[in-house]
Each structure stands twice: as C-alpha cells, then as structure tokens.
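Letters A, B, ... are given to chains in the order of the sequence lines, protein chains preceding strands, and every chain is numbered from 1. Just so you know, these numbers come straight off a predicted model, no measurement behind them.
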2 protein chains.
Amino acid sequence: MISRDQTAKRVAAFQAVCRIHGVKATHQRMEILRELAGTEEHPDVETIYERVRRRIPAISLDTVYRTLRLLEEKGVIRRVGSIKDRTRFDANTERHHHFVCAQCGMIGDFTSDVLDRFPVPREAAQMGSVDGVYVELRGRCRKCQMEAKKPEKR
Amino acid sequence: MISRDQTAKRVAAFQAVCRIHGVKATHQRMEILRELAGTEEHPDVETIYERVRRRIPAISLDTVYRTLRLLEEKGVIRRVGSIKDRTRFDANTERHHHFVCAQCGMIGDFTSDVLDRFPVPREAAQMGSVDGVYVELRGRCRKCQMEAKKPEKR
DNA sequence: ATCCATCCAGTAATGATTACTATTTAATAA
DNA sequence: TTATTAAATAGTAATCATTACTGGATGGAT
C-alpha cells in the first residue's frame, strides 16, 4: 500500500506541473491521479474508471483516457506492460522495473543496481541515442503457481 | 539481410514443428514464415500481409493473424515492441534484445552479455518464477536524428 | 462576481484484432 | 493415384480498446 503522504506528494506535484504548463487542475484530474498514485496494482483504464466513478459517478471513460494521456505527457505517470492489449499505468516515476505474471497479469515492482548501471552496448549505441531502458521479467506469480498445483477446484 | 540458408533453416524447422504438433504445413503458412524469416525489419501484420499478397494474392488478413498466432504458440517466432498499437514480429528466436526508435518505430537487434548473465534480484524472485527477460532500449535512431537537425524540408 | 479559454459528459467513430461459416486443401491410407 | 476427412482458408462480420467530436459546464485570472 502506498502511504497517504506519498499519494498526497504526487498529487501536489501534479498541481505544480499544472501551474507550470498552464493546464487546469480539475476535480476529475485530481481524483484520477489520486486513484493511480494510491495503489501499487498498475491498474488499467477500465479499473481506474470504475474506482473513480465511486467518487465522481458521472465521470466519462473518455475523460479517464484523456487525463491519463495528459498525465503521461507531463511525465507524471508512465505506461507499463508490453505486448498485452490493455494498457496499464504506474504513478511511480522513480527508477524501477517490473515483474509480469503471464497468467493473471499481476505486475510487481523491483529495483536493480545492475540494470541501473547497464552500459549500452556499442552495437546498440550505433543505432541512435538511447533515452531509456525498459525491462520486464516475465513469469508466473506465486498465486498462479499455487493454483496450478492444486487443481481441486472445478 | 538474412541469408537464404538462414531463412530456409527456419522454414525447415517449422515443417518439423508441424509434424510434431500435428498441424498442417500449408502454402500460406510457409510463405508467411518465409517472409518474416527473411527480413530483419520486425514487420507488423499489415506489412507481412501486403508482402505475402504478392505471392498469394487471395490470402486473407485473418489467415496472416491466425498464422502468426500459431507460429508464436509453437515458439517459432516472437512478438516484439511494447506499448505501441501495432504488434510487430521477429523470427529470430536466438537470445537478443531490441533498440526501438520512438519516432519512426525502427527496431534493431543487439546482444548483451551483461543482460544474458543478469541475475534476477531476490526482490523479483520472490514474486514468482521467471521465464524470460524482455529488454528494450528506447531512443531516437540515426536517421530521425539527422532529419531533426536539418528542418529544410517543408 | 464575470468572462473566456479550457474541460467534460455522452456518444459516435476508428482501427487493430478476432470470430464465424461455407468452401477448399493437406495428409493419410487404400 | 484417388478417396476420405479433419483441419485450414477466404471473405466478411463482430469485438474491443482507444480516440474523436460536440454542446454544455467550469477553473481561474481579472
């Protein structure tokens, strides 16, 4: 669980970004960010929509999409999860990487000094300038491993 | 460019896979794989479709999608490129990683001993079993860098 | 408190991918 | 080689996530 302080900090940071970029810090935007900043689940758009709806029943799905695009543009959040159909989001912009369960889609954060110090190979450097490294470990999460072992459920 | 030998080898390997798994090695499937195995471009579905159409004019887009799914299931090809909308494919199943140009979508292969030896952090290992590591370097390719420098084109 | 550019709700449109069905074909054996 | 049959294909419709559009609503500077 993310601490209230941490969540509040991220929301406050967004308000600062709004002033700088001249975009409005509306109720909808704050709630969407608050929702994302308060979880480690890396939710998808539909999930964020459902949850924000509990606070703002009339909010539209398009607003959620638009807001997430805006937040990403401003560098406040990031898109996570390769290949898969539904895009998932992360309000943690500190340097970290992801473990993804191929079965249930669970995403977990981890850090790695090795990856942080990763020297770009000459071979790759020759292709162009490198802005970032995206790393994803793929596997089967603990929970899915357990369930695979005891197929007692019918 | 991929050598004819290499391409032929990949196609032959697929025929073997077909016999083992009891799926038919049809003309369409062979041509789709031949197309993908003969390029280093990591093409998307539409591109593969257009190219195979030159050899099999009546082929349907659905067949291309179905075949690529099949090839991926059998471990003959891989999906590449995170986040983006159009999925791209790679017939090179040897251990390697990708450089992706955020501007034009160019994808290049590279290898890295550091990444191949990457020890899964305890933190990540606790989340579950790790099957694979997906690494992607994101940046701007040489060509796009050049074009950005001389904005003479109107 | 007012004004106006920006934003939002509701809904339609888009674009990639998948599903469906009647017809064709690959693979096996006679 | 030909017959047989399950599997594969072509053509097209359907689906699903995401994006676009529009008239009405709202944040925030004055």
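Residue pairs meeting the salt bridge (charged side-chain N to carboxylate O under 4.0 Å, His left out) criterion with at least one partner in residues 4-18 of chain A, sequence neighbours excluded, do not occur; the list is empty.
Of the residues listed (Leu33(B), Val52(B), Ile56(B)), the one engaging Gln28(B) in a side-chain contact (heavy atoms from CB on, under 4.5 Å) is Ile56(B), and it is the only one.
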(request) Output, in order, the C-alpha distance, side-chain angles, deciding distance and verdict of side-chain contact (heavy atoms from CB on, under 4.5 Å) for Lys143(B) and Met106(B). (result) CA-CA 10 Å; Lys143(B) 193 151 69 70; Met106(B) 168 264 168; over 6 Å; no
(request) Just do the side-chain hydrogen bond (donor to acceptor under 3.5 Å, both in side chains) check on Gln103(A) and Arg140(A) with the steps written out, would you? (result) CA-CA 6 Å; Gln103(A) 184 143 8; Arg140(A) 198 68 62 87; 2.8 Å; yes
(message) Is there a side-chain hydrogen bond (donor to acceptor under 3.5 Å, both in side chains) between His97(A) and Asp109(A)? Walk through the geometry before answering.
(response) CA-CA 6 Å; His97(A) 307 283; Asp109(A) 291 347; over 6 Å; no
(request) Would you check, one step at a time, whether the test side-chain hydrogen bond (donor to acceptor under 3.5 Å, both in side chains) holds for Gln145(A) with Ser129(B)? (result) CA-CA 8 Å; Gln145(A) 284 178 313; Ser129(B) 61; 3.1 Å; yes
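Atom NE2 of His21(B) is separated from atom P of dA7(D) by 15 Å (rounded to the nearest Å). Rounded to an integer number of Å, the gap from CE of Met30(B) to C1' of dA26(C) is 12 Å. If you take CZ of Phe14(B) and P of dA26(C), they are 13 Å apart, rounded to a whole angstrom. In this structure, the CD atom of Glu31(A) is 13 Å from the P atom of dC8(C), given to the nearest Å. Whole-Å rounding puts the Tyr49(A) OH to dT11(C) P distance at 10 Å. Atom P of nucleotide dA8(D) and atom CD1 of Ile32(B) are separated by 13 Å, given to the nearest angstrom. Regarding Leu33(A), its CG atom lies at a distance of 16 Å from the P atom of dC7(C), rounded to whole Å. A straight line from CG of Leu71(B) to P of dA8(D) spans 12 Å, rounded to a whole angstrom.
With hydrogens and angles disregarded, a donor-acceptor distance shorter than 3.5 Å links the side chain of Arg88(A) to the backbone of Glu41(A). His21(A) places no side-chain N or O within donor-acceptor distance of the main-chain N or O of Arg19(A), the cut-off being under 3.5 Å.
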Any protein N or O atoms within reach of nucleotides 13-16 of chain D? Criterion: under 3.5 Å, listing atom names and distances.
none

Can you give me the N/O atom pairs linking the protein to nucleotides 23-30 of chain D at distances under 3.5 Å, or say none if there are none?
from: dG28(D); atom 1: OP1; to: Ala25(A); atom 2: N; distance (Å): 3.3

Protein N or O to nucleotides 18-21 of chain C N or O, pairs below 3.5 Å:
from: dA19(C); atom 1: N6; to: Asp62(B); atom 2: OD2; distance (Å): 3.3
from: dC20(C); atom 1: N4; to: Asp62(B); atom 2: OD2; distance (Å): 2.9

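Residues Asp90(B) and Asn92(B) approach most closely at OD1-N, 2.8 Å, considering heavy atoms. For Arg142(A) against Ala125(B), the heavy-atom pair with the smallest separation is NH2-O, 4.1 Å. Contact detail for Val64(A) and Ile48(A): the closest heavy-atom pair is CG1-CG2, 4.1 Å. Taking both residues in full, the closest heavy atoms of Arg79(B) and Arg69(B) are given as NH2-CG, 3.9 Å, listed atom of the first, atom of the second, then distance.
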Distance-only criterion, 3.5 Å: show the donor-acceptor pairs between side-chain atoms of residues 110-122 of chain A and protein atoms not counting sequence neighbours.
from: Thr111(A); atom 1: OG1; to: Glu123(B); atom 2: OE1; distance (Å): 3.3
from: Ser112(A); atom 1: OG; to: Val114(A); atom 2: N; distance (Å): 3.4
from: Ser112(A); atom 1: OG; to: Leu115(A); atom 2: N; distance (Å): 3.0

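Residues of residues 51-60 of chain B that place a heavy atom closer than 4.0 Å to DNA chain D, in numerical order, are Ala58(B), Ile59(B), Ser60(B).
For the pair Thr87(A) and dT18(D), the criterion of a side-chain N or O lying under 4.0 Å from OP1 or OP2 is met.
In this structure, the side chains of Val80(A) and Tyr134(A) come closer than 4.5 Å at one or more pairs of heavy atoms.
Set against dC8(C), dA10(D), dT18(D), the side chain of Thr63(B) has dA10(D) as its closest nucleotide.
Toward the 5′ end of DNA chain D lies the nearest nucleotide of Gly22(B), the other residue of the pair Glu46(A) and Gly22(B) mapping further downstream.
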